[in-house]
Asker: 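The structure follows.
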Amino acid sequence: MAWCLTVVDGADLKRVFPLPASGKVAIGKDPLHSHINFNDFYLEKTHCALEVDEDGIVVHDTSQERGVFINGKKVVRNGGMNTGDVLRVGNTYLRMDPYDGPAPELADHDDEPPPIPLFTLKRLVELQSHTLGHYELGLLLGKGRHGAVFRARDIDTGRSVALKVLSPDFPQNSDEIKRFARVIKSLAQINDHPNLVRWIGTGKIGPYVWIAQELIDGENLNSIFTQPESTRWSWRGAWRLAWDVAHVLEHLHQRNTNHGNITAANLLVTNDGKAFLNDLRFQEAIEGSVLQLEQMEQKFLAELPYRSPERLEEDAFVDPHVADIYSLGVATYFRLSCGALPLQGSTPEETIDLIRAGVSDKHRRRAPAAPENFLDVLYKMLARNQEDRYQTPAELLVDLEPFNEKK
């Protein structure tokens, strides 16, 4: 009888690995020393070895410290597997299933695979057409302060994804990658809203950490205003942005979390106006890393107009949900005005002073054209004092609901 291993949980979810009719199969993260490789931060180079014959599988633990588990029980030196049993290596869970396809030939590790080229952050675009793990990289979709995003194809499934490849400067040590993996794993409980860009999986290949994300057929909010037709969009586009993202914030609020980094760069808009919020917890995942510290000043200046007044005051109390609503208000104004920000000076210092002072009646008189009651909602989102804003996304949705043409 032939078997295969099916990934039932982990970064390589749903991948299937046929096993030979007999022989030894090494599992790990190093393709030079393992026959089956996974995109798993917690996997060792050669984590375990499988001894396969017609009666079943014997698992030999070859890890140094992580261990191997069968059906939740730690393997001591070796352990047997039968159909339906689940093997855990690192954070990857593999179910032993019957297999009726052709048995694979084990790879010969004498021939090394071509090395993955090392490019600096500024040259990551040159990764186009290369392969990272089981992803073929296509056109560049965008470039940011921490990495580049490519349209990519999953070789195993044929699925198209957006693959974010981080600078090779990350991680610098094991603590950075452990924090990253811990935060990414926590997303599984909240990454299920239709207007939230889903993280499909993550891993590390050669010098690069990557994140596979849902591919959205749209552009970020900054980019859409480079198109001439964007000037013809009505205030309803701004309402749709606030409506869609407020639903995401309510979803996060119910799960006792928030986004914390709502900017035009993290908002994707499709051709029909649907909005998606991206990069949930990304900053938390790289917090304290060398890469984050290197980019901190540029990031602060770029995102300064989206920061709420209390986040610019030393030792001020910040309600993260109310601060997110302020940032969404800035993005909504940006969408309404076709690319203008509500409070932006000619210098960072002037911008900070304007935000601390808050919007005024004079500012509202210069507001873009929109119904007065919609502007009431917008300026409540942008209120200087936290207590004058919407206190929850649910409150905001109540006031946005009357503009819903589909009700």
Side-chain angles (χ1 to χ4, degrees), residues 1-113 132-134 155-157 171 173-175 177-182 184-186 188 201-206 209:
M1 183 176 182
W3 289 279
C4 65
L5 295 177
T6 303
V7 183
V8 294
D9 194 11
D12 297 274
L13 183 64
K14 296 184 180 180
R15 292 184 72 188
V16 176
F17 296 87
L19 298 174
S22 63
K24 290 187 176 181
V25 179
I27 293 179
K29 67 178 181 181
D30 187 347
L32 297 182
H33 300 92
S34 302
H35 302 102
I36 298 177
N37 311 288
F38 295 108
N39 299 298
D40 186 336
F41 298 124
Y42 290 97
L43 214 60
E44 298 183 18
K45 287 185 177 180
T46 52
H47 204 99
C48 68
L50 310 182
E51 192 171 347
V52 185
D53 62 29
E54 61 182 12
D55 295 324
I57 298 174
V58 176
V59 180
H60 299 275
D61 182 6
T62 59
S63 66
Q64 298 297 313
E65 57 181 48
R66 302 285 184 187
V68 178
F69 303 81
I70 296 176
N71 297 330
K73 185 177 180 179
K74 188 170 184 178
V75 171
V76 179
R77 290 188 294 278
N78 59 71
M81 287 186 70
N82 296 299
T83 302
D85 287 345
V86 175
L87 170 69
R88 176 190 164 196
V89 290
N91 277 333
T92 301
Y93 293 76
L94 305 157
R95 187 180 63 228
M96 179 178 166
D97 291 329
Y99 183 72
D100 57 4
E105 295 183 6
L106 296 183
D108 185 350
H109 291 299
D110 291 339
D111 297 326
E112 295 188 5
L132 292 184
H134 53 98
I155 298 170
D156 294 334
T157 66
N173 53 56
S174 60
D175 288 339
I177 199 65
K178 286 178 180 176
R179 178 182 179 85
F180 183 87
R182 184 172 63 252
I184 298 306
K185 188 176 181 180
S186 71
T202 185
K204 187 176 189 296
I205 297 293
V209 170

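It should be emphasised that the depicted structure is a prediction, and the values quoted were computed from it without experimental measurement.
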Asker: For S186, what residues pass the side-chain hydrogen bond (donor to acceptor under 3.5 Å, both in side chains) criterion, not counting sequence neighbours?
Answerer: R281
Asker: Can you name the nearest heavy-atom pair linking M96 to I57, along with the distance?
Answerer: SD-CD1, 3.8 Å
Asker: Please tell me if the side chains of L19 and I36 come closer than 4.5 Å, counting only heavy atoms from C-beta onward.
Answerer: yes
Asker: Kindly write out the residues that satisfy side-chain hydrogen bond (donor to acceptor under 3.5 Å, both in side chains) with D40, not counting sequence neighbours, or none if the list is empty.
Answerer: T92
Asker: Does the side chain of P20 reach to within under 4.5 Å of the side chain of H35, using non-hydrogen atoms?
Answerer: no
Asker: If you look at every heavy atom in V16 and C4, which pair is closest and at what distance?
Answerer: CG1-SG, 3.8 Å
Asker: For D97, give me all partners under side-chain hydrogen bond (donor to acceptor under 3.5 Å, both in side chains), at least two apart in sequence or on another chain.
Answerer: T6, R95
Asker: Just verifying a value: how many Å separate K14 NZ and T157 OG1, rounded to the nearest 0.5 Å?
Answerer: 9.5 Å
Asker: Minimum heavy-atom separation for Y42 to A181, with atom names?
Answerer: CE1-CB, 3.5 Å
Asker: What verdict does the side-chain contact (heavy atoms from CB on, under 4.5 Å) test give for L50 and L5, after you've listed the backbone C-alpha separation in whole Å, the side-chain angles of each residue and the deciding distance to 0.1 Å?
Answerer: CA-CA 11 Å; L50 310 182; L5 295 177; 3.7 Å; yes
Asker: Which residues pass the side-chain hydrogen bond (donor to acceptor under 3.5 Å, both in side chains) test with D12, sequence neighbours left out?
Answerer: R15, N39, H134
Asker: Just how far is it from atom CD1 of I184 to atom CZ of R179, taken to the nearest 0.5 Å?
Answerer: 11.0 Å
Asker: Please step through side-chain contact (heavy atoms from CB on, under 4.5 Å) for the pair S34 and T46, ending with a clear verdict.
Answerer: CA-CA 6 Å; S34 302; T46 52; 3.7 Å; yes
Asker: Hey, is the main chain of G90 close enough, under 3.5 Å, to the side chain of R88 for a donor-acceptor pair?
Answerer: yes
Asker: Which residues satisfy the side-chain contact (heavy atoms from CB on, under 4.5 Å) test with I155, sequence neighbours excluded?
Answerer: T131, E136, R153
Asker: Starting at NZ of K185, measure out to CG of N91 and round the result to the nearest 0.5 Å.
Answerer: 4.0 Å
Asker: Under the salt bridge (charged side-chain N to carboxylate O under 4.0 Å, His left out) test, which residues partner D175, sequence neighbours left out?
Answerer: none
Asker: Please enumerate all residues that pass side-chain contact (heavy atoms from CB on, under 4.5 Å) together with S63, with sequence neighbours excluded.
Answerer: E44, H47, D61
Asker: For residues 1-22, which residue pairs qualify under ring pair (Phe, Tyr, Trp, His ring centres under 6.0 Å), counting only residues two or more places apart or in two chains?
Answerer: F17-F38
Asker: Report all side-chain donor-acceptor pairs from residues 69-80 shorter than 3.5 Å, counting only partners two or more places apart or in another chain.
Answerer:
unit_1, atom_1, unit_2, atom_2, d
N71, OD1, V86, N, 2.9
N71, ND2, D85, OD1, 3.0

Asker: More than 12 heavy atoms of other residues, nucleotides or ligands under 6.0 Å from CG of N173: is that the case?
Answerer: yes
